[in-house]
Amino acid sequence: MQNTIAIVGRPNVGKSTLFNRLVGERKAIMDNQSGVTRDRHYGYGDWTGKYFTVIDTGGYVVGSDDVFEEGIRKQVKLAIDEADVVLFMVDVDAGLHPLDEEFANVLRRYQDKKPIYLVANKADSTQRFQAAGEFYALGIGTGDIFPISSQSGSGTGELLDAVISHFAEEGVEDPDAGIPRISVMGRPNVGKSSLVNVLLGEERSIVTDIAGTTRDAIHTRYNAFGNEFILIDTAGLRRKARVDEDIEFYSNLRSLRAMEESDVVIVMLDATRGIESQDVNIIGLADRNRKGIVILVNKWDLIENKESNTAKEFEDKIYDMIKPIKYPPIIFTSALTKQRVHKAIETVMEVYENKRKKVPTSELNEVMLREIEAYPPPSTKGKMVRIKYVTQLPTHNPVFAFFCNLPQYVKESYTRYLENRLREHFDFSGVPIGIVYRKK
């Protein structure tokens, strides 16, 4: 990863606000409550013709009661290791804090290896601007302190001028452009972050038994076994009635936006709890958004006394709960034991290819007109519907136009018949199919 900036510091100094300003959109959740950001969070920005990656990190703390403390510290250190330039953020309004001094000691071991800039945030008045000088006492950083206001943007231009002076290359505008985007969704605590960590072979997301550990949608590039895609770990989606704090509300919004940006959605279920109404809602939402869908039943290793037909019964129950949706493949996995995890990824990539599949018009007509002849559309009010021609439309998802004399008289049951025949002949597993009728 080239031209990388890591924003680090204690909690609640405004790291996510600066991150959002540098990447030009509200990607990170911000709140006055400390500890909102937990995982490493990536975005892309540019300044005077140079492109860069920005990493937002959780607040670095030692000796708190926060069960995530150790995980956050690990994520912060990984971000520093990855970065070309480190922005050590402090809060002018709060003044010099013991946690700043403690974190300065952590950063000292990196000072000879990479540039570290001391960024004094919330310097949005002359008095606060001048107060930034007290942070020289930390004895860390490359030269001057940069007083800024990440909220208003003042001072960030001078900071970026200094930062990009360390970048020899122009960088890439969006390294993720044109790469498949796969989001992992589900209720809280079904194992989404564990799956992502297993695939990446590193702790990209903090994992605990506490529901709601992941709050933001975490984007990561996956490149292994001949596959390359953006993997998005999302916050667990709860029912609206259970969302009782701002942070969780915005987490839900970020998860839904991640779904909208995705090509394929992995919907994870908990085998020990079976399929629940919120799982059905998530699958329905992915279907309405016309996304590829793969259902992963996680924690399959915890199901004891498995009979030969246990998985089949589980499958039947899922398809019964989500009908009329019946196209998503179902894989039984365990992120803990890594059981069938790579089979799941193979299936996801097959679904992605199915989503992009274009069937030649000649082949489509040869196959489908034969099926229509074998079972013509039933007549309505004495009117006979005659389908003469079929073609696939140039859309992002598979949509087929059937040209006929009386489009208004085709019944829904016949549309289902056509969809089933298309799936049978051309394998659109995991992908919603659109069928439209045009007057010939």
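Taking CE of M185 as the start and CD1 of I266 as the end, the distance is 11.5 Å to the nearest 0.5 Å. Distance CD1/I148 to OG1/T17: 9.5 Å, rounded to 0.5 Å. Residue S334 holds its OG atom at 7.0 Å from CG of L302, rounded to the nearest 0.5 Å. Atom CG in D263 sits 8.0 Å away from atom CZ in R181 (nearest 0.5 Å). Taking OG1 from T156 and CG from L87, the interatomic distance works out to 11.0 Å, rounded to the nearest 0.5 Å. Considering CD1 of I164 and CD of E170, their distance stands at 10.5 Å, rounded to 0.5 Å.
Aromatic rings from F426 and F400 are positioned such that their centres are separated by 6.0 Å or more. Checked against a 6.0 Å centroid threshold, the rings of F103 and F88 count as neighbours.
In this structure, D112 has no salt bridge (Lys or Arg N to Asp or Glu O under 4.0 Å) partners at least two apart in sequence or on a different chain. Remark: E276 pairs with R187, R273 by the salt bridge (Lys or Arg N to Asp or Glu O under 4.0 Å) rule, at least two apart or across chains. Among residues two or more places apart in sequence or in another chain, the salt bridge (Lys or Arg N to Asp or Glu O under 4.0 Å) test is passed with D316 by K312. Residues passing the salt bridge (Lys or Arg N to Asp or Glu O under 4.0 Å) test with K358, sequence neighbours excluded: none. Residues passing the side-chain contact (heavy atoms from CB on, under 4.5 Å) test with R108, sequence neighbours excluded: A104, N105, Q111, I140.
The stretch residues 128-153 participates, sequence neighbours left out, in these ring pair (Phe, Tyr, Trp, His ring centres under 6.0 Å) pairs: Y117-F146. For residues 119-129, the set of pairs meeting the salt bridge (charged side-chain N to carboxylate O under 4.0 Å, His left out) definition, not counting sequence neighbours, comprises D91-K122, D93-R128, D124-R128. Listed by first then second residue, pairs satisfying salt bridge (charged side-chain N to carboxylate O under 4.0 Å, His left out) with a partner in residues 424-436 read R421-E424, not counting sequence neighbours. Applying the salt bridge (charged side-chain N to carboxylate O under 4.0 Å, His left out) test to residues at least two apart or on different chains, none of the pairs has a partner in residues 338-352. Among residues at least two apart or in separate chains, there is no salt bridge (charged side-chain N to carboxylate O under 4.0 Å, His left out) pair with a member in residues 136-145.
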Would you mind writing out the side-chain donor-acceptor pairs for residues 317-326 within the sub-3.5 Å range, not counting sequence neighbours?
from: Y319; atom 1: OH; to: P328; atom 2: O; distance (Å): 2.6
from: D320; atom 1: OD1; to: K323; atom 2: NZ; distance (Å): 3.0

What pairs of donor and acceptor atoms, side-chain ones from residues 283-292 against any protein atom, are under 3.5 angstrom apart with sequence neighbours left out?
from: D287; atom 1: OD1; to: Y327; atom 2: OH; distance (Å): 2.7
from: N289; atom 1: ND2; to: L285; atom 2: O; distance (Å): 2.9
from: R290; atom 1: NH2; to: I433; atom 2: O; distance (Å): 3.3
from: K291; atom 1: NZ; to: E260; atom 2: O; distance (Å): 2.8
from: K291; atom 1: NZ; to: S262; atom 2: O; distance (Å): 3.0

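Using a distance-only test at 3.5 Å, with no hydrogens or angles considered, no donor-acceptor pair links the side chain of K357 to the main chain of P398. Checked by atom type and distance alone, the side chain of D84 never pairs as donor or acceptor with a backbone atom of F167 at under 3.5 Å. Side chain of N298 to main chain of M268: no donor-acceptor pair is present (N/O by atom type, distance under 3.5 Å, no hydrogens or angles). In this structure, the side chain of R10 does not engage the main chain of V90 through any donor-acceptor pair within 3.5 Å.
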Margin query: Applying side chain to side chain contact (heavy atoms under 4.5 Å, CB included) to V280 and I275, what does each step give before you reach the verdict?
Written below: CA-CA 7 Å; V280 176; I275 183 164; 4.0 Å; yes

Next item on the list: Evaluate the criterion side chain to side chain contact (heavy atoms under 4.5 Å, CB included) for residue pair Y44 and Y51; output intermediate values, then yes/no.
Entry: CA-CA 7 Å; Y44 305 109; Y51 296 98; over 6 Å; no

Margin query: Would V13 and N121 count as a side chain to side chain contact (heavy atoms under 4.5 Å, CB included) here? Give the steps.
Written below: CA-CA 7 Å; V13 292; N121 191 30; 5.6 Å; no

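Side-chain N/O atoms of T395 and N397 include no donor and acceptor closer than 3.5 Å. Side chain to side chain, N354 and S429 fail the donor-acceptor criterion of an N or O pair below 3.5 Å.
Residues K299 and L336 are not in side-chain contact: their nearest non-hydrogen atoms beyond the backbone lie 4.5 Å or more apart. In this structure the side chain of F229 reaches within 4.5 angstrom of the side chain of M349, judged on heavy atoms.
In Q127, the CD atom is not crowded: 12 or fewer heavy atoms of neighbouring residues, nucleotides or ligands sit closer than 6.0 Å.
In this structure, K355 fails the cation-pi test against Y352, since its NZ or CZ atom is not both closer than 6.0 Å to the six-membered ring centre and inside 45 degrees of the ring normal.
At a threshold of 4.0 Å, the pair E412-R416 counts as salt-bridged, since one of the basic side-chain nitrogens sits closer than that to a carboxylate oxygen.
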